[in-house]
Amino acid sequence: MKILKSREVTLDEMRTVPIQSSNEIDARVSEIIENVRLRGDEALKEYTRAFDGADIADFAVSRTEIDEAWEAVGDKLRTLLTRAAQNIRDFHAHQKREGFVVSEKPGITLGQRVIPLKRAGIYVPGGTASYPSTVLMNGIPPAIAGVGQVVMVTPPGKDGKIAPAILAAARAAGVDTIFKAGGAQAIAALAYGTKSIPRVDKIVGPGNAYVATAKRKVYGLVDIDMVAGPSEILIIAEGDTNVDRVAADLLSQAEHDALSSAILITTSESLANAVRDRVEARLDGLLRRDIARRSIDGNGRIIIVESLDEAFEIANEIAPEHLEICLEEPFNYLGRVRNAGSVFLGDNAPEALGDYWAGLNHTLPTSGTARFSSPLSVDDFVKKSQFVYYSRDALGEAADDIIAFAETEGLTGHAQSVAARFGGNV
């Protein structure tokens, strides 16, 4: 890992650069989207054969397949999925909002309704890795929001089947509309609809560069959660922090992807050196050590600062996906955090706690977008609509002001629409 002193480098040297879609990927995804828009299921079958090596006659996953997967995963995973799902439900239930009605003035009623989306689509990656936690995190919030139908897409294996752990997680999350489709073509199918796959109102969930580019391109036709980049962790620690635990937590994100970033900010040069050495020692013990090695070498940073004030200032500029505050009395520092996806407080809250178990959502803003965006939540699956009622007397009291405002903007039609209710003309 690179060790940097904050006073000797720029902020850009401290953080990693967001990954942008290449021109080649951009063009290929546009072609895929247009083909699916025009040819629907036939295009999907061709892409599934070409990219996944599977011939699919029916994209829909049957209830029998889901139930068989539930039995196949065994008692241990069933219990884990059930308990994790309950933790996620318990946390996200607090996010549910109600509308409001205000009738504080005679003859005037104002209000806001909170309306669940009709249909939401969730993308779950497949291929070399199987992530049932992604199913839970993306499938449970829309159910709590009251979405009418949650549609899940995920790429099949060469045998045309979905990994049992993914289907079991879908059952634990309450998702039973599942289709065997992946990649940019699945995003296009969700956005436009095909004979097999219904059009949705919003698409959420992580994916590779092709999936992320496709989500960006269909935004506006449908809503999306975010265009997510590689995973990130930033840890703030002082000299008395446990070296081994810090090193382990940095590697927990490095193993995700060669483009992932792991950053430590500390006031202690001795801790910086010790963590760097311990990261090296721990690397060989990882199953995904080659990926973690590329991540640490390319995007690993240890930043030595002069004070904790400076540490939090830099952390807020980087706006990490995951922020661990490995300091004594961590709640004393929570108020200093302005920009972070999820914050992990103290020595006993490793990032993996949020990924799997605590109930927080692990679909988080990356690449500095925590400056202006939020974790996936129940709010992502509702929309708001306002309403207003004025009695004739109440409108009459406001009429002159409305007419004057409209005339100021040169919109006489607006002014006349008020005046006409009282037999007048502008």
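The analysis underlying the following values was restricted to heavy atoms, covering all of them including side chains, and did not include hydrogens, waters or symmetry mates. Count residues from 1 along the sequence.
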Q. If you measure only the distance, is there a donor-acceptor pair under 3.5 Å linking the side chains of Asp90 and Gln86?
A. yes

Q: Apply salt bridge (Lys or Arg N to Asp or Glu O under 4.0 Å) to the pair Asp379 and Lys96, showing each step before the final yes or no.
A: CA-CA 7 Å; Asp379 285 340; Lys96 191 166 184 178; over 6 Å; no

Q. For atom CG of Leu38, is the number of surrounding heavy atoms from other residues, nucleotides or ligands below 6.0 Å larger than 12?
A. yes

Q. Heavy-atom distance under 4.5 Å between the side chains of Ile33 and Lys217, does that happen here?
A. yes

Q | Pair Val61-Ile66, side-chain contact (heavy atoms from CB on, under 4.5 Å): steps then yes or no | A | CA-CA 7 Å; Val61 174; Ile66 297 172; 3.9 Å; yes

Q | Separation between CG of Leu264 and CG of Leu234, rounded to the nearest 0.5 Å | A | 8.0 Å

Q: State whether Asp225 and Lys202 are salt-bridged, where the test is any N-O pair (Lys NZ or Arg NE/NH1/NH2 against Asp/Glu carboxylate O) under 4.0 Å.
A: no

(Q) Using modelled atom types and a 3.5 Å cut-off, is there a donor and acceptor pairing between side-chain atoms of Tyr192 and backbone atoms of Leu221? (A) no

Q | Exercise: do Thr266 and Glu238 side chains pair donor with acceptor under 3.5 Å | A | no

Q | Pairing of Arg278 and Asp244 as salt bridge, 4.0 angstrom limit | A | yes

Q) Within a strict 4.5 Å, meaning less than it, do heavy atoms of the Lys118 and Val200 side chains meet? A) no

Q: May I have the step-by-step check of side-chain contact (heavy atoms from CB on, under 4.5 Å) for Val279 and Ile302, ending in yes or no?
A: CA-CA 11 Å; Val279 165; Ile302 299 176; over 6 Å; no

Q) With a 4.5 Å limit on heavy-atom distance, are the side chains of Ile32 and Asn35 in contact? A) no

(Q) Looking at Arg113 and Glu98, is any side-chain nitrogen of the basic one under 4.0 Å from a carboxylate oxygen of the acidic one? (A) no

Q: Grab the two heavy atoms, one from Thr366 and one from Gly229, that are nearest each other, plus how far apart they are.
A: OG1-N, 2.7 Å

Q: Hey, could you give me the CG/CD distance between Asp176 and Gln149, rounded to the nearest 0.5 Å?
A: 8.0 Å

Q. Quick one: do Asp257 and Arg288 make a salt bridge, cutoff under 4.0 Å?
A. no

Q.
For the CG atom of Asn138 and the CZ atom of Phe381, what is their distance to the nearest 0.5 Å?
A. 6.5 Å

**Q.** Arg39 atom CZ: more than 12 heavy-atom contacts under 6.0 Å
**A.** yes

Q. Please walk me through it: do Met152 and Val135 pass side-chain contact (heavy atoms from CB on, under 4.5 Å)?
A. CA-CA 9 Å; Met152 185 176 109; Val135 182; 3.8 Å; yes

**Q.** Lys/Arg N to Asp/Glu carboxylate O, Asp67 vs Arg171, below 4.0 Å
**A.** yes

Q: Verify the neighbour count for atom OH of Tyr356: are there more than 12 heavy atoms of other residues, nucleotides or ligands below 6.0 Å?
A: no

Q) Considering all heavy atoms of both residues, which atom of Leu81 and which atom of Ala169 are nearest to each other, and what is their separation? A) CD1-N, 3.7 Å

Q. Is the backbone N or O of Ser260 less than 3.5 Å from a side-chain atom of Asn299, with the two atoms forming a donor-acceptor pair by type?
A. yes

Q) Any salt bridge between Arg49 and Asp55, counting N to O under 4.0 Å? A) yes

Q. Could you state the interatomic distance from NE2 (His322) to CD1 (Ile235), rounded to the nearest 0.5 Å?
A. 11.5 Å

Q: Inspect the contact between Lys161 and Glu65 and indicate whether a charged nitrogen and a carboxylate oxygen are less than 4.0 angstrom apart.
A: no

Q) How close do Ala54 and Gly157 get, heavy atom to heavy atom, and via which atoms? A) CB-O, 3.4 Å

Q. Is it true that atom CZ of Phe372 has more than 12 heavy atoms of other residues, nucleotides or ligands lying nearer than 6.0 Å?
A. yes

**Q.** Enclosure of Phe405 CZ (heavy-atom neighbours >12, cutoff 6.0 Å)
**A.** no

**Q.** Main-chain N/O of Glu351 paired with Glu324 side-chain donor or acceptor, under 3.5 Å
**A.** yes

(Q) Just verifying a value: how many Å separate Ser374 OG and Asn361 CG, rounded to the nearest 0.5 Å? (A) 11.5 Å

**Q.** Test side-chain contact (heavy atoms from CB on, under 4.5 Å) applied to Val124 and Ile162, step by step
**A.** CA-CA 11 Å; Val124 177; Ile162 306 299; over 6 Å; no

Q. Any idea how Tyr131 and His256 line up, ring-wise: parallel (<30°), tilted (30 to 60°), or perpendicular (>60°)?
A. tilted

Q.
If the threshold is 4.0 Å, N to carboxylate O, is there a salt bridge linking Arg245 and Asp249?
A. no

(Q) Could you check whether any side-chain N or O of Glu321 sits under 3.5 Å from a backbone N or O of Glu232, counting only pairs where one atom can act as donor and the other as acceptor? (A) yes

(Q) Side chains of Tyr47 and Asp52: any donor to acceptor distance under 3.5 Å? (A) no

(Q) If I compare all heavy atoms of Ala292 with all of Leu286, which pair ends up nearest, and what's the gap? (A) CB-CD1, 3.8 Å

Q.
Under a plain distance cut-off of 3.5 Å, with no hydrogens placed, do Ser367 and Thr369 share a side-chain donor-acceptor pair?
A. no

Q) Hey, is the main chain of Leu251 close enough, under 3.5 Å, to the side chain of Glu255 for a donor-acceptor pair? A) no

**Q.** Donor-acceptor pair between Ser231 and Gln253 side chains, under 3.5 angstrom
**A.** yes

Q. Got a second to check how far Leu327's CG is from Thr241's OG1, nearest 0.5 Å?
A. 6.0 Å

Q.
Is there a side-chain contact between Phe344 and Ile233 in this structure, where contact means two heavy atoms from C-beta onward sitting under 4.5 Å apart?
A. no

Q. Which heavy atom of His92 sits nearest a heavy atom of Ser377, and at what distance?
A. CD2-CA, 4.3 Å

(Q) Taking Leu117's backbone N and O only, do any of them form a donor-acceptor pair with Lys383's side chain (distance below 3.5 Å, no angle check)? (A) no

Q.
Just so I know, are the side chains of Asn273 and Arg276 near enough to count as touching, which here means a heavy-atom distance under 4.5 Å?
A. yes

Q | Lys/Arg N to Asp/Glu carboxylate O, Lys180 vs Asp58, below 4.0 Å | A | no

Q: Could you pull out the closest heavy-atom pair between Pro365 and Pro375, with the gap in Å?
A: CD-N, 3.9 Å

Q. Are side-chain heavy atoms of Trp70 and Arg78 found at a separation under 4.5 Å?
A. yes

Q) Any side-chain heavy atom of His362 sitting closer than 4.5 Å to one from Thr134? A) yes

Q. Ion pair present between Arg293 and Glu280, side-chain N to carboxylate O less than 4.0 angstrom?
A. yes

Q: Kindly check if the number of other-residue, nucleotide or ligand heavy atoms within 6.0 Å of CZ (Arg83) is above 12?
A: no

Q: Report yes if the side chains of Leu4 and Arg301 come closer than 4.5 Å at any heavy-atom pair, otherwise no.
A: yes

Q: Return yes if some donor-acceptor pair links the side-chain N/O of Asn339 with the main-chain N/O of Asn316 below 3.5 Å, else return no.
A: yes

